S.K.: 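Quick one: this structure, given as structure tokens, is what I'll be asking you about.
Residue numbers start from 1 in every chain, and the chains themselves are labelled A, B, ... in the order their sequence lines are given, proteins ahead of strands. A quick note: this is a predicted structure, and the numbers were derived from the prediction, not measured.
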Number of protein chains: 2
Amino acid sequence: MDRRQEILEAATKSFSLFGFKATTMEQIAKIANVGKGTIYTFFENKEVLFQEIVLRVITEMKQEATKVINEEASFQENAYAALMKMLEFRDTHQLFAKIIAEEQEWRTPAVIQVRAQIEQAIVSFIKQKVDKYINAGEIRQVNSELVAYLLLKGYLAFVNDWNLTHEKPLTEKEITDFFQDTIFHSLII
Amino acid sequence: MDRRQEILEAATKSFSLFGFKATTMEQIAKIANVGKGTIYTFFENKEVLFQEIVLRVITEMKQEATKVINEEASFQENAYAALMKMLEFRDTHQLFAKIIAEEQEWRTPAVIQVRAQIEQAIVSFIKQKVDKYINAGEIRQVNSELVAYLLLKGYLAFVNDWNLTHEKPLTEKEITDFFQDTIFHSLII
DNA sequence: AGATGACCGAATCGGTTTTCTGGTCATTTT
DNA sequence: AAAATGACCAGAAAACCGATTCGGTCATCT
């Protein structure tokens, strides 16, 4: 297998498991079975390597979300399906959860910036989908950016914050049904 | 003016400005023009003083919200008015924002506990109002606790988080109109 | 020509010393 | 005598500093 790929996989594993800061280049090199210097022939520095990985994960999530959307189906059905799909990925979100946690602990620019980048990417993806349905006349004319922002923040609140003050985590179905019942419901004409 | 009141005001000022940890009892005493020991004749310790203040702010906010609710008016009108009123208090929220920020920096039990307490108080207040309207048959039968939670988290997201990644803060009207348009809209029958 | 790991300096860790601060209480004030 | 006070104490936090780690480079090796 080509070395670039080996490095990417090793780094993904390590970043997801230990976070940005606690992952060392030496460790990545060891897992990837390459010399440390080799990493630098493919990636400018640790930060760039990290960004590349985050970009890949986001891209994968977008693809998964897009895959689940059916042009024939209604907005409500598609929104429900997409949200369910994202919730299936709760584990993949481990990487993002790690980053968010890290952002508050170590205020390193690399992490703060990547966090903002992830947020921006997700929001603009959702916004674009919402706009499509607005233009198709299937949902009401709302501020799509605010809707996207609320969806993301609401999602994170229920998936992550909720558990801090509540015994039992919410199930995927509870969360999705609730969104269906409130935000999605408010959008349809 | 009575000493207890002086102390409360001095402490409120100081906690709001500097947070729990960075506020010293000596500082409070100086602002209140009393000896440090005097504080302890009124409040068991720093933590109790802090809780008393938080309780007062929450109580005041509840009163303000309640005052603005008109029994004659519709849910939609009242929700709008109450949210607007809360947004008028953005500055008073400084204290809460400080606490939330502090919670992540210093994991001191006093702060974590008070944060959870505030959240719980606000959510149950909103939940109660929502339930009232559900029972009155004015809004749909939704999970009122989740609605309350979403309203709180959404509110905080737009008032606080939004500014971290956006140049211009949202205006009170933008936020309220948006909530009106989405969450509140979804609730009416 | 591509890969490597010894090497460098900057950042971080950890342990030690110093300073600060919550809470007490003997003394002073009213 | 009752209330207020601030010097005092113990423990917690900050400041300091030498030891260690780690990102990134580059002379050497394959």
Side-chain angles (χ1 to χ4, degrees), chain A residues 1-54 98-99 101-114, chain B residues 1-54 98-99 101-114:
Chain A
M1 202 199 234
D2 82 289
R3 310 174 91 73
R4 188 188 155 89
Q5 192 57 30
E6 300 263 28
I7 293 168
L8 271 173
E9 281 178 21
T12 303
K13 207 174 298 177
S14 201
F15 283 135
S16 300
L17 220 49
F18 308 112
F20 178 76
K21 189 144 182 314
T23 293
T24 71
M25 295 302 263
E26 195 133 10
Q27 190 179 31
I28 296 172
K30 198 169 281 175
I31 298 176
N33 263 317
V34 297
K36 183 161 63 135
T38 308
I39 299 177
Y40 287 88
T41 63
F42 294 105
F43 304 95
E44 202 182 321
N45 55 41
K46 189 182 181 184
E47 193 176 323
V48 167
L49 172 59
F50 182 52
Q51 284 183 321
E52 167 107 16
I53 285 169
V54 167
K98 265 263 152 36
I99 292 168
E102 224 168 344
E103 188 189 22
Q104 329 214 286
E105 204 164 348
W106 331 87
R107 297 275 169 166
T108 141
V111 174
I112 292 176
Q113 200 226 55
V114 167
Chain B
M1 200 200 232
D2 81 291
R3 309 176 93 74
R4 188 187 155 90
Q5 192 57 29
E6 300 264 27
I7 293 168
L8 271 173
E9 279 176 24
T12 304
K13 208 175 294 179
S14 200
F15 284 134
S16 300
L17 221 48
F18 307 112
F20 178 74
K21 190 146 176 312
T23 292
T24 69
M25 295 303 264
E26 194 131 8
Q27 193 177 31
I28 295 173
K30 198 171 284 173
I31 297 175
N33 264 318
V34 297
K36 186 160 61 133
T38 309
I39 300 177
Y40 288 88
T41 63
F42 293 106
F43 303 96
E44 201 183 321
N45 54 42
K46 188 182 181 183
E47 193 175 324
V48 166
L49 172 60
F50 182 51
Q51 283 183 324
E52 166 107 14
I53 285 169
V54 168
K98 265 267 153 31
I99 292 169
E102 222 167 342
E103 187 188 23
Q104 330 212 284
E105 205 165 346
W106 330 86
R107 296 276 167 166
T108 138
V111 174
I112 292 177
Q113 200 226 55
V114 169

S.K.: Would you please name every residue forming a side-chain contact (heavy atoms from CB on, under 4.5 Å) with Thr12(A), sequence neighbours left out?
M.R.: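 Scan of Thr12(A) (side-chain contact (heavy atoms from CB on, under 4.5 Å), adjacent residues dropped) gives Ser16(A), Ile53(A).
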
S.K.: Could you state the atom-to-atom distance from CD of Glu26(A) to P of dT4(C) in whole Å?
M.R.: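 Taking CD of Glu26(A) and P of dT4(C), I get 13 Å after rounding.
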
S.K.: Nearest whole angstrom, please: distance from the C1' of dC20(C) to the NZ of Lys21(B).
M.R.: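 In whole Å, dC20(C) C1' and Lys21(B) NZ are 10 Å from each other.
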
S.K.: With side-chain contact (heavy atoms from CB on, under 4.5 Å) as the criterion, how do Gln51(B) and Val54(B) come out once you've worked through the C-alpha distance, each side chain's angles and the decisive distance to 0.1 Å?
M.R.: CA-CA 5 Å; Gln51(B) 283 183 324; Val54(B) 168; 5.6 Å; no

S.K.: Output the single nucleotide from dC7(C), dG23(C), dA4(D) whose closest atom is nearest the side chain of Lys46(B).
M.R.: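 Closest nucleotide to the Lys46(B) side chain: dG23(C).
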
S.K.: Would Lys46(A) count as a cation-pi partner of Phe20(A), with NZ or CZ less than 6.0 Å from the six-membered ring centre and within 45° of the ring normal?
M.R.: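 Ring-cation test returns yes.
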
S.K.: OP1 or OP2 of dT5(D) sitting under 4.0 Å from any side-chain N/O of Arg3(B)?
M.R.: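 It does, given that an N or O in the side chain of Arg3(B) lies less than 4.0 Å from OP1 or OP2 of dT5(D).
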
S.K.: What is the distance, to the nearest angstrom, from the CD atom on Glu6(B) to the P atom on dA4(D)?
M.R.: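 Those two atoms, CD and P, are 12 Å apart.
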
S.K.: Do the non-hydrogen side-chain atoms of Thr38(A) and Thr41(A) ever get within less than 4.5 Å of each other?
M.R.: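 In short, these two side chains touch, coming nearer than 4.5 Å.
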
S.K.: Output, in order, the C-alpha distance, side-chain angles, deciding distance and verdict of side-chain contact (heavy atoms from CB on, under 4.5 Å) for Gln5(B) and Glu9(B).
M.R.: CA-CA 6 Å; Gln5(B) 192 57 29; Glu9(B) 279 176 24; 3.3 Å; yes

S.K.: From the options dT4(C), dG5(C), dG22(C), select the nucleotide whose nearest atom is closest to the side chain of Thr24(B).
M.R.: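 Looking only at side-chain atoms, Thr24(B) lies closest to dG22(C).
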
S.K.: In this structure, how many angstroms lie between the P atom of dA10(C) and the CE atom of Met25(A), rounded?
M.R.: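 In whole Å, dA10(C) P and Met25(A) CE are 19 Å from each other.
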
S.K.: Take the protein atom CG of Asn33(A) and the nucleotide atom C1' of dT4(C), then report the distance between them rounded to whole Å.
M.R.: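 From Asn33(A) CG to dT4(C) C1': 13 Å.
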
S.K.: Considering all heavy atoms of both residues, which atom of Ile31(B) and which atom of Ala10(B) are nearest to each other, and what is their separation?
M.R.: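 Nearest pair, atom of Ile31(B) first, then Ala10(B): CG2-CB, 3.6 Å.
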
S.K.: Could you tell me the separation between the CD1 atom of Ile39(B) and the P atom of dG23(C), rounded to a whole number of Å?
M.R.: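 Atom-to-atom, Ile39(B) to dG23(C), this comes out as 10 Å.
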
S.K.: Nearest whole Å is fine: how far is dT21(C) C1' from Leu49(B) CG?
M.R.: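 Atom-to-atom, Leu49(B) to dT21(C), this comes out as 15 Å.
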
S.K.: Which of these nucleotides, dG23(C), dG23(D), dT4(C), is closest to any side-chain atom of Asn45(B)?
M.R.: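 Per side-chain heavy atoms of Asn45(B), the pick is dG23(C).
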
S.K.: Would you kindly give the CD-to-P distance between Glu44(B) and dT24(C), to the nearest whole Å?
M.R.: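 One finds 9 Å between P of dT24(C) and CD of Glu44(B), rounded.
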
S.K.: For nucleotides 25-30 of chain C, give me one character per nucleotide, 5' to 3': B if any protein heavy atom sits under 4.0 Å from the base, S if the only such contacts are to the sugar-phosphate, - if neither.
M.R.: ------

S.K.: Any side-chain heavy-atom pair from Leu8(B) and Phe42(B) closer than 4.5 angstrom?
M.R.: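 The answer is no, as the side chains (C-beta and beyond) never meet within the 4.5 Å cut-off.
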
